[in-house]
Amino acid sequence: MAEAYDVQEIERKWQARWRDEGTYEVESDDPRPHFYSLCMYPYPSGAAHQGHVRNYTFGDLIVRHRTMHGFAVLSPMGFDSFGLPAENAAIKTGVHPRPFTDARIAELKESITRLGAVYDWRREVRSHDPEYIHWTQWIFLRFLEAGLAYRRKAPVNWCPGCQTVLANEQVLADGTCERSGDVVVKRDLEQWFFKITAYADQLLDDLDTLDWPARVKTMQRNWIGRSEGAEFELPIVGGSSIRVFTTRPDTSFGMTYVVLAPEHPLVPELTTAGQRAAVEAFVAEVSTHTEVERQSTEGPVNKRGVFTGSYAVNPFNGQEVPVYLADYVLMGYGTGAIMAVPGEDQRDWDFAEAYDLPIVPTVQRPDGWVGQAYTGDGPAINSQWLDGLYKAEAVAKAIDWLEEQGIGERKVNFRLRDWLLSRQRFWGCPIPVVYCPEHGAVPVPDDQLPVLAPDDVEFRPTGESPLRFHEGFLQTACPTCGKPATRETDTMDTFVDSSWYYLRFADPHNAEAPFDPAVVAQWLPVDQYIGGIEHAILHLMYARFFTKALADLGVSPKELREPFARLFTQGMIRMGGSKMSKSKGNLVAPAKYFDTVGADALRLFHLFVGPPADDVDWSEQTDEVIDGCARFLARVWRLATGEVATVDGAPRPAGNLDRATHALIAKVSEDYDRWSYNTVVAACMEFTNLLYKHVQADGTIPNEPVDTLLLLLAPMVPHVTAELWERRHPGEHVHAQAWPTFDPALAAALTETMIVQVNGKVRDRIEVDAGIDEAEMERLAMASPKVQAALDGSRPAKVVARPPRLLNLVR
RNA sequence: GCCCGGAUGGCGAAAUCGGCAAACGCGAUGGUCUCAAACACCAUUGCCCGUGAGGGCUUGCGGGUUCGAUUCCCGCUCCGGGCACCA
């Protein structure tokens, strides 16, 4: 491999300098304009992997680039240090999660440092630090007071592998645990929830204010799942009534049956004596099904429902319709009951066919339309006073009618559920609540925070937190009456920790509050947030909820409605078609590159390999490309240290070097701004090749082009550029220089290559003055023998000119 | 099933507003240096025909708009991701 310089020595030297001199430490009262750059703080799983390298390369580049543009850049780093792997290791080895975690933080920190990424380490935050636990618990208590945290018995997602409850967001579409892959089952448990649904509308609407990838916004919109419609009462023949939710009140005349969820509370009442055996068998059968089986669309539809024996009255036309149960109707959404309109809903159509129920279309099908249920727009039919109206109008009129009748109203439903935060685990933030036989759930007073877990616990896979078996922790006194009480032994979902860490970074050592809102206002929102696409829903939704709730509670600035103004989601690293990850065992450790080609070369590879948002395929060729990056840096080194040899007879390249330099600044500056780092690298390589030709011809090179190259590369490859700059400018630091500016007049080309096309095909290229006019273009083109040959003697019937670059002659 | 994104040489990719397709790099081939190798440096490298000059073809497939389409429109195929009985 190319060894123009001692990579290891130089990288060590500069990493030590940046650390010892506190180069990237900033104060909140810094007079420069503020910029907050943040990479998602990592779960400390040990030494960095290529995903980290990619993430922190982009983040570090932003920090250095913004600094060179005159900003005071806040660049903090911390660790999402609570979580399952440390506890699972504890169960296996008996080692307490804290030393296990601390050791992994040290490893990760070491590899981040070796990458050359710079942070204000004074601000380091770790989820498992007692101070951080203190304020996480304090925030929980504020949420509790405000009614945003509450406890209820709920059917929850239980993962037998992880031995804990999961949030809806952590259960995959196939009903398995996102972490262990075990099939998740339902259990009824008393659990703590955050009322994220109270912010459903804001979480949806405020997406419009964010400069985020459209893909992430769409995923969040779908997850929130807002649907507008109506809720109304249906009288039961000879009895009470049931409420249904529908998004298509315009099709109500086509309701030919009603379906309830098997868990619906009215089921016993509605079941007639004749149907009781069948209904009970059905309900029992459904309850044994796992979530996976229930969510499956496979299997015969006629085994999935049962008739209750009762009839409801369709209030629109007075018709009596049968009431069924079906497993596909969910108790957790809407009212747990639906009006079925098989004419306009395919699932209802399938059910109607299976149970031989009538189908009445209520929307006119377009001419020539074939199919079953029709979900498109069209004039209403078979709908009395709605006939002829199109969907939007018919919906509005139907709801108005329901409201006039006093039996229903407009209603918005969300797919989003409240956030279940209880975890039956040890290695998380304890929930600061005490249970008193007399006073129930009592919050731990602020002055008794933090509630810390003891160290002398036994780690056993029991399905309950080890805290439950620790008498010293469990037994306490009721804060209200002082009588014996027990502590909550569940801990919080680790997503709670990551929902506010970016606020703590602004004011990380505040002992009176989680942070001072005035200091937060100086930095937040985060100007540039960088992380993986895998957090598109969970973390990013929870953090947005926290930001809104904390602002409303007066904990953070009132006007801070969103945490992350701009978001960038980097692509994944793949290997052999699947994501590179520890669990897949296909990691390629960065350390081997740090030890050989160096961090600069590895950084350059990640920037050069393709657009930052695209996935990267780690292939057999990758090492060769990384070597190529190291080779380029060695070329830059030789150029900047005057080690490039002349070549006998080498021609001096055409064109003016100043012009080339200014054109490079213009292009590279723009490409940095649009995150097109791969083309920045390409442009710098091309420029380096040009400078080589100059040296090879002249034996020398002016300073300005070389210095410019070093400045433009400085955010990408910080070590080698810092060293070269210091050698060329003793006592100076490249990253303290201002970003180079360009003269637009110099950056613009003097001559252009005019393309002459005949009938759209390129027939000649002519070097012309950049200020050429159309007449001159045509004159030059007609003088070209190649063009004459292509025209074959005929005069062009039409001439399209786009000075100075293009002329198209059409025969 | 629905919603997004993608498809360009042997490979990673570029073409920013509809105007030279393939910049830059990897790999490959040939050469200089060397006793030799490594390193470094130079040159060639989309495909087909042709000794050559040159000609033809080419951005997943089929149409369309346009003087001109990798780019815009319509219809497909394949790949990746998200959601998936949400009434």
Side-chain angles (χ1 to χ4, degrees), chain A residues 1-4 173-174 213-219 221-223 225 227 229 244-248 259 294-297 301 304 326-330 332-341 345-348 350-351 413-416 533-534 536-537 572 574 577 605 608-611 613-617 619-629 631-632 634-635 638 643-645 647-650 667 670-671 674 676 678-686 688-689 692 696 753-762 764-765 796-802 805-811:
Chain A
M1 208 30 252
E3 276 182 31
D174 64 355
R215 178 158 69 127
V216 176
K217 291 206 228 181
T218 304
M219 282 163 70
R221 278 192 196 101
N222 291 342
W223 190 264
S227 52
V244 294
F245 172 70
T246 179
T247 54
R248 293 296 303 276
V259 192
R294 231 179 123 179
Q295 302 269 321
S296 167
T297 46
V301 75
R304 306 184 57 198
D327 65 350
Y328 68 79
V329 175
L330 308 174
Y333 185 78
T335 60
I338 62 164
M339 68 171 205
V341 184
D345 183 294
Q346 188 59 44
R347 184 197 42 207
D348 292 346
D350 294 340
F351 194 87
N413 263 319
F414 293 93
R415 212 188 72 104
L416 183 72
I533 186 76
E534 65 272 20
I537 296 174
M572 286 187 314
R574 287 193 312 223
F605 162 76
F608 184 52
V609 68
D614 287 8
D615 288 348
V616 177
D617 276 307
S619 70
E620 303 85 57
Q621 209 183 41
T622 298
D623 276 358
E624 285 163 346
V625 178
I626 294 171
D627 282 348
C629 290
R631 208 146 48 216
F632 165 69
R635 277 166 73 79
R638 286 189 214 100
E643 293 167 33
V644 178
V647 171
D648 284 344
K667 178 182 171 50
E670 191 190 328
D671 284 0
R674 65 186 181 104
S676 181
N678 51 334
T679 57
V680 169
V681 177
C684 289
M685 287 175 166
E686 206 172 353
T688 302
N689 293 343
Y692 255 61
Q696 285 165 345
T753 305
M754 177 175 77
I755 304 305
V756 185
Q757 300 178 337
V758 176
N759 286 344
K761 279 194 188 302
V762 179
D764 203 3
R765 297 179 172 84
K798 181 173 180 179
V799 177
V800 181
R802 293 285 179 276
R805 267 193 279 270
L806 184 108
L807 186 74
N808 190 8
L809 306 171
V810 186
R811 286 175 67 177

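A note on names: the letters A, B, ... follow the listed sequences, proteins ahead of strands, and every chain is numbered from 1.
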Take atom CD1 of I533(A) and atom P of rG82(B), then tell me their distance rounded to the nearest Å. 9 Å

Close side-chain approach of N808(A) and K798(A), heavy atoms under 4.5 Å: no

To the side chain of R802(A), which of rA13(B), rC67(B), rC20(B) is closest? rC67(B)

Base, sugar-phosphate, or nothing: which does R805(A) touch, judged by heavy atoms less than 4.0 Å apart? nothing

Assert: residue with more 5' nearest nucleotide on RNA chain B, out of Y333(A) and K798(A), is K798(A)

Report the nucleotide, chosen from rC86(B), rC11(B), rA23(B), that has the shortest atom-to-atom distance to any side-chain atom of Q621(A). rC11(B)

Taking rU77(B) as the reference, what is the distance to rG62(B) when you measure between their P atoms (whole Å, please)? 15 Å

For rC26(B), does OP1 or OP2 lie under 4.0 Å from any side-chain N or O of R631(A)? yes

Syn or anti for rC49(B), given that syn means the glycosidic angle lies within 90° of 0? anti

Candidates rC41(B), rA87(B), rG19(B) - which lies nearest the side chain of N808(A): rG19(B)

What integer number of Å spans the P atoms of rA23(B) and rC72(B)? 23 Å

Does any part of the side chain of V681(A), heavy atoms only, come nearer than 4.5 Å to the side chain of N678(A), both counted from C-beta? no

So what does V800(A) hit on the nucleic acid, given a heavy-atom distance under 4.0 Å: a base, only sugar-phosphate, or nothing? base

Looking at the side chain of V329(A), which of rC67(B), rC41(B), rA87(B) is the nearest nucleotide? rA87(B)

How far does the C1' atom of rA7(B) sit from the matching atom of rG60(B), given to the nearest Å? 6 Å

Out of rA87(B), rA21(B), rG82(B), minimum distance to the side chain of I537(A) belongs to rG82(B)

In whole angstroms, how far is the P atom of rC17(B) from the CG atom of L806(A)? 18 Å

Check whether any side-chain heavy atom of E670(A) lies under 4.5 Å from a side-chain heavy atom of T679(A), and answer yes or no. no

Nucleotide opposite rU44(B) in a Watson-Crick or G-U pair, distances under 3.5 Å: rA28(B)

Do you see a donor-acceptor pair shorter than 3.5 Å between the side chains of N222(A) and R415(A)? no

Euclidean distance, S619(A) OG relative to R574(A) CZ, rounded to 0.5 Å: 12.0 Å

F245(A) has its side chain closest, among rA87(B), rA84(B), rC41(B), to rA87(B)

If you check the W223(A) side chain, which of rA84(B), rC86(B), rC42(B) turns out closest? rA84(B)

Base orientation of rG9(B), chi within 90° of 0 counted as syn, else anti, reads syn

With a 4.0 Å limit, can you tell me whether R574(A) has a side-chain N or O closer than that to the phosphate oxygens OP1/OP2 of rG80(B)? no

Heavy atoms only, 4.0 Å cut-off, all strands: where does K667(A) land among base, sugar-phosphate and nothing? base

Look up atom CZ in R805(A) and atom OG1 in T753(A), then write down how far apart they are to the nearest 0.5 Å. 9.5 Å

Rounded to whole angstrom, note down the P distance from rG9(B) over to rU58(B). 14 Å

With respect to the phosphate group of rG82(B), does any side-chain polar atom (N or O) of R221(A) fall under 4.0 Å of OP1 or OP2? no

Could you tell me the separation between the CD1 atom of I338(A) and the CZ atom of R248(A), rounded to the nearest 0.5 Å? 13.5 Å

The nucleotide from rG19(B), rC20(B), rC86(B) with an atom nearest the side chain of I755(A) is rC20(B)

Using atom P in both nucleotides, what's the gap between rC79(B) and rU66(B) to the nearest angstrom? 35 Å

Distance between the P atoms of rC3(B) and rU16(B), in whole angstroms? 29 Å

Of the candidates rG19(B), rG12(B), rA84(B), the side chain of F608(A) sits closest to rG12(B)

Rounded to whole angstrom, note down the C1' distance from rG5(B) over to rG18(B). 23 Å

Whole Å only: how far is the CD atom of E534(A) from the C1' atom of rG82(B)? 14 Å

Using whole Å, report how far CE of M754(A) lies from P of rG19(B). 18 Å

Residue-phosphate contact under 4.0 Å: T679(A) side-chain N/O, rA23(B) OP1/OP2: no

Can you tell me, in whole Å, how much space there is between the P of rA14(B) and that of rG6(B)? 12 Å

Start at the 5' end of RNA chain B and walk down; is the nucleotide closest to T335(A) or to M685(A) reached first? M685(A)

Taking only the side-chain nitrogens and oxygens of K761(A), find out if one of them lies under 4.0 Å from OP1 or OP2 of rC57(B). yes

Test side chain to side chain contact (heavy atoms under 4.5 Å, CB included) on Y328(A) and F351(A); report intermediate values, then the result. CA-CA 10 Å; Y328(A) 68 79; F351(A) 194 87; 3.7 Å; yes

Over all strands shown, is D345(A) touching base, sugar-phosphate only, or nothing at heavy-atom distances under 4.0 angstrom? nothing

Y692(A) OH - rC24(B) P separation (whole Å): 16 Å

Under 3.5 Å donor-acceptor pair, R215(A) side-chain atoms to rG5(B) base atoms: no

How long is the line joining CE of M219(A) and P of rA84(B), in whole Å? 11 Å

Is there a donor N/O on one and an acceptor N/O on the other, under 3.5 Å, for the side chain of E686(A) and the base of rC24(B)? no

Who is the Watson-Crick or G-U wobble partner of rA7(B), with both distances under 3.5 Å? rU77(B)

Under 3.5 Å, is there an N or O donor on one side and an acceptor on the other linking the side chain of N222(A) and the base of rC83(B)? no

Give none if rC33(B) has no partner; otherwise give the nucleotide forming a Watson-Crick or G-U wobble pair with it, both distances under 3.5 Å. none

Quickly work out the D617(A) CG to rG80(B) C1' distance and round it to whole Å. 11 Å

Heavy-atom check, side chain of D615(A) versus side chain of D617(A), under 4.5 Å: no

Return no unless some side-chain N or O of Q696(A) is found under 4.0 Å from OP1 or OP2 of rC42(B). yes

Let's test this: given Watson-Crick or G-U wobble pairing with both distances under 3.5 Å, identify the partner of rA21(B). none

Separation of rC86(B) C1' from F414(A) CZ (nearest whole Å): 13 Å

